[in-house]
2 protein chains.
Amino acid sequence: MTETSSRLLTLLSLLQGRRDWPGGELAGRLEVSGRTVRRDVERLRGLGYPVESLTGPAGGYRLRAGAAMPPLLLDDDEAIAIAVGLRTAARASVTGIEETSVRALVKLEQVLPAHLRRRVSALGSATMTLPAGGPTVDPQSLTVIAAACRDSECVRFAYRGRDGVGSRREVEPHSLVNLGRRWYLLAWDRARSDWRTFRVDRLAKPASTGVRFAPRHPPAKDAAAYVARSLSAAPSRYEARVTLHAAAESVRKRVPSHWGTIEPIDDRTCEYRTGDENLDWLAVRVAMLGVDFEVCEPPELSEHLRALARRLERAAGPQ
Amino acid sequence: MTETSSRLLTLLSLLQGRRDWPGGELAGRLEVSGRTVRRDVERLRGLGYPVESLTGPAGGYRLRAGAAMPPLLLDDDEAIAIAVGLRTAARASVTGIEETSVRALVKLEQVLPAHLRRRVSALGSATMTLPAGGPTVDPQSLTVIAAACRDSECVRFAYRGRDGVGSRREVEPHSLVNLGRRWYLLAWDRARSDWRTFRVDRLAKPASTGVRFAPRHPPAKDAAAYVARSLSAAPSRYEARVTLHAAAESVRKRVPSHWGTIEPIDDRTCEYRTGDENLDWLAVRVAMLGVDFEVCEPPELSEHLRALARRLERAAGPQ
DNA sequence: ATATTGAGGACAGATCCTGGCCTAAACCAT
DNA sequence: ATGGTTTAGGCCAGGATCTGTCCTCAATAT
């Protein structure tokens, strides 16, 4: 019955590729009689995929949205677009679907033909990183780790700790957690026989070792909460408070919500609060707003801006 | 044979959801005998989807990447993640896959169940807009128009021309073109009986009228080229040449290749060339390098940097 | 060495598929 | 209003396919 099944898939593919299909044309494409097409449509309906039909001239078949997702039949370019889209969503989005994006990406990359994979990574490396994005996570690392989590396979990687000290690790990955703009890996460190959290942008060349492990009970039910807690003893973090000379509304449109909060002061000024671990990005983020502003705190930011201003003035050269 | 076909799809779905599956477990899930599972695997292989198998304890089946994309079987969350990812990719990416992203998005949205669609638009509206992105295109508009292009259906919308004058249009859409960071619609304007290009971020509430039309011959073979030509009064584009006081090697690591080229001058300085349509972006990009530099050209960039420096100095407040 | 897991041939009975033919109903355009 | 076009679906007969069972063999991990 490989014949019928593959024909059904082809039919689905056709119906997904264009909206309206006359029965006769489908019969031609599938190289079967019109009667069989009608039966195939019936079968698809039986499978839960709602196929509408219109009689009369200009009639035909049309796949509608149903209660459940039908299998998506993608051509090469579309698969690439989805892979690239998921990669950017996984690292740049703010909507709280990052984990799901990575899961979908793993599913897709598992079956992505090699030549497409090459094209994706070619495009992926050309993908722009947000100007003020800080250290970027390699989507490749994310998918390798996520796949290892899913399949209970050990992972080896080089890690550069907060203090800059490098080490090689072999861990049993438990889950990937996205907090703020960062990715963390919660894993059981085999050498240290304990749970550790790793910042994904600090690890290099993660590779699945192929060794399977029996899943352990995580140190807490909610991995995300656990990671957040273990980061609460976080190091120096700059919290900025800045007065912007612009209406809150006009600024809000241009500031992604996770980049901080905007509170109106009056019709013409508002207060912007945001935090980061790096003064450079903090400075750029504020400067990029394109409006006049004043730093309330921290003093380090003022100092940093002054230095930046001097540098820019030097760069601009003589008047 | 709806039974066999749907079982094959379920099997594909299982194989996509996890990597390793023992035959016995598959048999249980599919409620068939182990022999039938082996036959189903054989069928999948016959369809071109490579299923690996390992014998012995800890053996099982595993779906590998093959030569062609298999149908993707997504759960609800994954479908949402893909939709959101494609929406952001379609409007924010710079990789040249925007058109394809929209096409894939149209395909997906055509079959996206209603409750998922609601979740996507809820998330989509919360999606961040790039800080200096200029006017943003509504992904919803893009998909409506792209679907209309694909299905040869007329579209009605309100348009605000370059001079700010509003009008209502009814057009036969031909193609969507992405140039730079903007989207354009090439369409036959029915009232004016001529081809027109519309900037998608300037049109409001596009809606498919349901009226089909017979595709016309476009005014040029390559729609993108045509649009580009008709925009030849294009926005001034800035090409920057900057001398960096840092070794080429150390800078290269921090500059994505498509952001420009780095050429060494001597051991301690190098030249950075890059271009953009927006001076803000250009300035930030260079400033973010974190090294001293001098602007060679264009003069506008120098002027811009001076202004930025003044603003930063003001922002930093008194010494 | 042994147990576990996949591979696959053979067989029999049941099931299902296909194409062809025919009638009904819906719909568009002249 | 009418005729042509398009989907809907019943019926039939011949042929192909599927499934479960039983069996033997090969590969692999403990």
Side-chain angles (χ1 to χ4, degrees), chain A residues 1-12 14-15 18-47 49-64 151-154 209-214, chain B residues 1-12 14-15 18-47 49-64 151-154 209-214:
Chain A
M1 196 38 34
T2 169
E3 187 76 15
T4 313
S5 300
S6 94
R7 197 180 56 239
L8 280 184
L9 285 179
T10 311
L11 177 55
L12 256 182
L14 290 174
L15 288 174
R18 204 213 290 174
R19 205 180 54 178
D20 291 292
W21 287 92
E25 200 170 339
L26 290 176
R29 296 278 192 124
L30 301 174
E31 298 181 310
V32 288
S33 70
R35 184 69 186 86
T36 299
V37 169
R38 288 201 290 280
R39 266 194 281 249
D40 281 351
V41 167
E42 206 178 316
R43 275 190 267 262
L44 286 186
R45 287 174 181 154
L47 256 48
Y49 311 131
V51 181
E52 267 185 350
S53 50
L54 295 173
T55 64
Y61 297 94
R62 164 185 307 192
L63 181 60
R64 265 199 328 135
D151 301 323
S152 299
E153 277 199 3
C154 291
T209 64
V211 177
R212 306 288 300 271
F213 64 86
Chain B
M1 197 38 34
T2 168
E3 187 76 16
T4 314
S5 301
S6 96
R7 196 181 57 239
L8 280 183
L9 284 180
T10 311
L11 176 55
L12 254 183
L14 290 174
L15 288 174
R18 205 212 288 176
R19 206 181 52 176
D20 291 292
W21 288 91
E25 199 170 338
L26 290 176
R29 295 278 191 124
L30 302 173
E31 299 180 311
V32 289
S33 70
R35 184 68 183 89
T36 299
V37 169
R38 286 201 289 280
R39 268 195 279 247
D40 281 351
V41 166
E42 207 177 314
R43 274 190 268 262
L44 285 186
R45 287 175 181 151
L47 255 47
Y49 311 131
V51 181
E52 267 185 351
S53 50
L54 296 174
T55 63
Y61 297 94
R62 163 185 307 192
L63 181 59
R64 264 198 330 132
D151 302 323
S152 299
E153 278 199 4
C154 292
T209 64
V211 177
R212 306 285 301 272
F213 63 87

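These numbers come from the heavy atoms of this one structure, side chains and all, not from hydrogens, waters or symmetry mates.
Taking atom CD of Glu3(A) as the reference point, atom C1' of dA16(D) lies 11 Å away to the nearest angstrom. Taking atom CZ on Arg7(B) and atom P on dT15(C), their separation rounds to 15 Å, with Å as the unit. Put simply, CG on Leu8(A) is 15 Å from P on dC16(C), counting in whole angstrom units. In this structure, CZ of Arg43(B) is placed 13 Å from C1' of dA16(D), rounded to the nearest angstrom. Rounded to an integer number of Å, the gap from CG of Asp20(B) to C1' of dT28(D) is 15 Å. Here the P atom of nucleotide dT6(D) and the CD atom of Glu52(A) are 19 Å apart, to the nearest Å. Regarding Glu42(A), its CD atom lies at a distance of 14 Å from the C1' atom of dC11(D), rounded to whole Å.
For residues 23-36 of chain A, the set of pairs meeting the salt bridge (Lys or Arg N to Asp or Glu O under 4.0 Å) definition, not counting sequence neighbours, comprises Arg18(A)-Glu25(A). Among residues at least two apart or in separate chains, salt bridge (Lys or Arg N to Asp or Glu O under 4.0 Å) pairs with a member in residues 49-60 of chain B are Glu52(B)-Arg64(B).
Residues Leu11(B) and Arg43(B) fail the side-chain proximity criterion, which asks for heavy atoms closer than 4.5 Å.
In this view, Arg19(A) and Asp151(B), Glu153(B) satisfy the salt bridge (Lys or Arg N to Asp or Glu O under 4.0 Å) rule, not counting sequence neighbours. Arg7(B) is linked by a salt bridge (Lys or Arg N to Asp or Glu O under 4.0 Å) to Asp40(B), counting only residues two or more places apart in sequence or in another chain. Contacts of Thr36(A) classified as side-chain hydrogen bond (donor to acceptor under 3.5 Å, both in side chains), with partners at least two apart in sequence or in another chain: Ser33(A). With sequence neighbours excluded, the residues satisfying salt bridge (Lys or Arg N to Asp or Glu O under 4.0 Å) with Arg62(A) are Asp20(A).
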Anything under 3.5 Å between a protein N or O and an N or O of nucleotides 24-30 of chain C, put it in a table, one pair a line.
| residue | atom | partner | partner atom | Å |
| --- | --- | --- | --- | --- |
| dC27(C) | O4' | Thr55(A) | OG1 | 3.4 |

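Residues from residues 21-40 of chain B placing a heavy atom under 4.0 Å of any atom in DNA chain C, listed by number, are Pro22(B), Gly23(B), Arg35(B), Arg38(B).
When the side-chain nitrogen and oxygen atoms of Ser53(B) are compared with OP1 and OP2 of dA7(C), one or more of them lie within a distance under 4.0 Å.
Within the 4.0 angstrom heavy-atom criterion, no nucleotide atom of any strand lies near Arg212(B).
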What donor-acceptor contacts under 3.5 angstrom involve side-chain atoms of residues 54-61 of chain B, with partners at least two apart or in another chain?
none

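When all heavy atoms of Leu47(A) and Ser6(B) are compared, the pair lying nearest together is CD1-CB, 3.8 Å.
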